[in-house]
Amino acid sequence: MTVAPDAPILFFDSGVGGLSILAPARAALPTARIVYAADSAGFPYGTKSEAEIAARVPALLGRLVERYRPRLAVIACNTASTIALQHVRAALDIPVVGTVPAIKPAALLSKSRVFGVLGTDATVRQPYVDRLAAEHGADCTMLRHGSAALVQLAEAKLRGDPLDPQVARDALAGLIDQPGGDRMDMVVLACTHFPLVEQELAAAAPHPVGFVHGGDGIARRIRYLTQGQPWPDTPAPGVAVFTRLDERQEALRPTLARYGLDRIEAL
Ligand code: DGL
């Protein structure tokens, strides 16, 4: 299949979390045209049922692919990926890259053999997480905690709203207060919103912990899947598309511009 230089890469999340995946991808492919889609009408995903997400995400991706004709789609959301990646792949005829919890690197890096998985409620209960743990961290204790408040903190930070430091403390306490939590030395940021508040999490940690997430690995995967394809000669203007547009998305305009997303559209 021939690909036009201006064929975009599509990133998809419920909100701004996918920007933590977009950033390393843009650094790797600086002239790529980007369409960043956020399902603001369906946000947040982390408190929804598997059935709701499995019905919603492939349908939206289908509409987005029809409208923007991307060369590749990235589900820049752990919740959507761990639940709906296979359904999306079955529905689309372009490569689809998912975001799954970075359990493998956490298990490799943990010296204490205790690591945490911080995600949404929906992600941390997925069998996918158990499979990754059995495969890569069978000799580790894996603690898991879901935080919807931390997702809201990341959204607030990118809108420029004041932040409550207690939210990050509570999210970490959800891991550290579990048996073995005092020995936890690595935390998987298993929601794409959470790398956006990594500073706040590091400041809230009662003892030093390392944080890992999948952003760099996804950028490498995108490069691999698009090798040999043509790109624009100069950086192409990016688009942010929302399923609901109101003053919350309007408040994101300066942040979106920093990620090269100068235009806002409604789906
Ligand atoms: N950013 C999403 C994730 O990676 C979900 C946030 C939400 O909508 O709850 O899981």
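Residue numbers run from 1 in the order of the sequence given.
If you chain together hydrophobic residues whose side chains sit under 4.5 Å apart, Met186 and Leu172 never meet in one group. Hydrophobic clustering, with ILVMFWY side chains joined whenever heavy atoms are under 4.5 angstrom apart, keeps Leu64 apart from Val97. Leu29 and Val96 fall into different hydrophobic clusters, where Ile, Leu, Val, Met, Phe, Trp and Tyr are joined by side-chain heavy atoms under 4.5 Å apart, directly or via other members. Hydrophobic clustering (ILVMFWY, side-chain heavy atoms < 4.5 Å, transitive): Ile176 and Phe194 are in one cluster. No chain of hydrophobic side-chain contacts below 4.5 Å, direct or via other Ile, Leu, Val, Met, Phe, Trp or Tyr residues, connects Ile21 to Leu85.
Closest of all the heavy-atom pairs between Val124 and Gly119 is CG1-N, 3.7 Å. Closest of all the heavy-atom pairs between Gln126 and Thr82 is CG-OG1, 3.5 Å. When all heavy atoms are compared, the tightest approach of Ala106 to Val212 is CB-CG2, 3.8 Å. Pairing each heavy atom of Pro232 with each of Thr31, the nearest pair is O-OG1, 2.9 Å. In terms of heavy-atom proximity, His136 sits nearest to Ala107 at O-CB, 3.2 Å. Residues Ile83 and Ala122 share a closest heavy-atom pair of CD1-CB, 4.3 Å.
Under a cut-off of 6.0 angstrom, the local environment of CZ in Arg67 is crowded, with over 12 non-hydrogen atoms contributed by other residues, nucleotides or ligands. Within 6.0 Å of CZ on Arg159 lie more than 12 heavy atoms contributed by other residues, nucleotides or ligands. Around CG of Asp139, the count of heavy atoms belonging to other residues, nucleotides or ligands within 6.0 Å exceeds 12. Around CZ of Phe211, the count of heavy atoms belonging to other residues, nucleotides or ligands within 6.0 Å exceeds 12.
Put simply, the side chain of Gln178 gets close to the backbone of Gly174: a donor and an acceptor are under 3.5 Å apart. One N or O on the side chain of Asn78 and one on the backbone of Ala190 form a donor-acceptor pair closer than 3.5 Å. No donor-acceptor distance shorter than 3.5 angstrom exists from the side chain of Arg33 to the backbone of Ala236, with no hydrogens or angles considered. Panel note: side chain Arg71, backbone Val3; no donor-acceptor pair is recorded below 3.5 Å.
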Val117 vs Thr123, test: side-chain contact (heavy atoms from CB on, under 4.5 Å). Steps then yes/no.
CA-CA 10 Å; Val117 176; Thr123 294; 5.8 Å; no
Begin with the C-alpha distance, continue with both residues' side-chain angles, and end with the deciding distance and a verdict on side-chain contact (heavy atoms from CB on, under 4.5 Å) for Arg220 and Arg223.
CA-CA 5 Å; Arg220 283 194 296 274; Arg223 267 179 81 112; 5.7 Å; no
Are Thr99 and Thr192 close enough, and set up right, to give a side chain to side chain donor-acceptor pair (under 3.5 Å), and what steps lead you there?
CA-CA 8 Å; Thr99 307; Thr192 54; over 6 Å; no
Take Leu132 and Lys104, measure what side-chain contact (heavy atoms from CB on, under 4.5 Å) needs, and give me the verdict at the end.
CA-CA 7 Å; Leu132 288 173; Lys104 187 177 176 182; over 6 Å; no
Passes side-chain contact (heavy atoms from CB on, under 4.5 Å), Leu109 versus Phe115? Steps please.
CA-CA 9 Å; Leu109 291 166; Phe115 66 87; over 6 Å; no
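Atom CD1 of Ile103 is separated from atom OG of Ser110 by 12.5 Å, given to the nearest 0.5 angstrom. For the atom pair NZ (Lys48) and CG (Asp121), the distance works out to 12.5 Å, reported to the nearest 0.5 Å. Taking CG of Leu256 as the reference point, atom CD of Glu250 lies at 9.5 Å (rounded to 0.5 Å). Note: Arg56 CZ to Ser49 OG = 11.5 Å, rounded to the nearest 0.5 Å. Annotation: the span from Leu72 atom CG to Ile94 atom CD1 amounts to 6.5 Å, rounded to 0.5 Å. To the nearest 0.5 Å, atom CZ of residue Phe242 and atom CG of residue Asp39 are 11.0 Å apart.
In this structure, Leu261 and Leu22 have side chains that are in contact, with non-hydrogen atoms separated by less than 4.5 Å. By the 4.5 Å heavy-atom criterion applied to side chains, Ser40 and Arg248 are not counted as neighbours. In this structure, Glu265 and Tyr68 have side chains that are in contact, with non-hydrogen atoms separated by less than 4.5 Å. Counting heavy atoms from C-beta on, the side chains of Val16 and His193 come closer than 4.5 Å. Considering only heavy atoms from C-beta on, Leu150 comes within 4.5 Å of Val167 through its side chain. Using a 4.5 Å cut-off on side-chain heavy atoms (C-beta onward), Asp170 and Ser147 make no contact. Two residues are said to be in side-chain contact when any heavy atoms from C-beta on lie closer than 4.5 Å; Phe11 and Arg26 fail this criterion. In this structure, Leu158 and Leu19 have side chains that are in contact, with non-hydrogen atoms separated by less than 4.5 Å.
Screening Leu252, Leu245, Val241 against Ile264 for a side-chain contact (heavy atoms from CB on, under 4.5 Å) leaves a single residue, Leu245.
Using a 4.0 Å cut-off between charged nitrogen and carboxylate oxygen, Asp130 and Arg144 count as a salt-bridge pair.
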Which side-chain N or O atoms in residues 199-210 pair as donor and acceptor under 3.5 Å with protein atoms at least two apart or in another chain?
residue: Glu200; atom: OE1; partner: Lys157; partner atom: NZ; Å: 3.2
residue: Glu200; atom: OE2; partner: Lys157; partner atom: NZ; Å: 3.2
residue: His207; atom: NE2; partner: Met184; partner atom: O; Å: 2.8

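Taking the six-membered ring where tryptophan is involved, the planes of Phe12 and Tyr45 are tilted, since the angle between them lies from 30° to 60°.
For Arg221, there are no side-chain hydrogen bond (donor to acceptor under 3.5 Å, both in side chains) partners two or more places apart in sequence or in a different chain.
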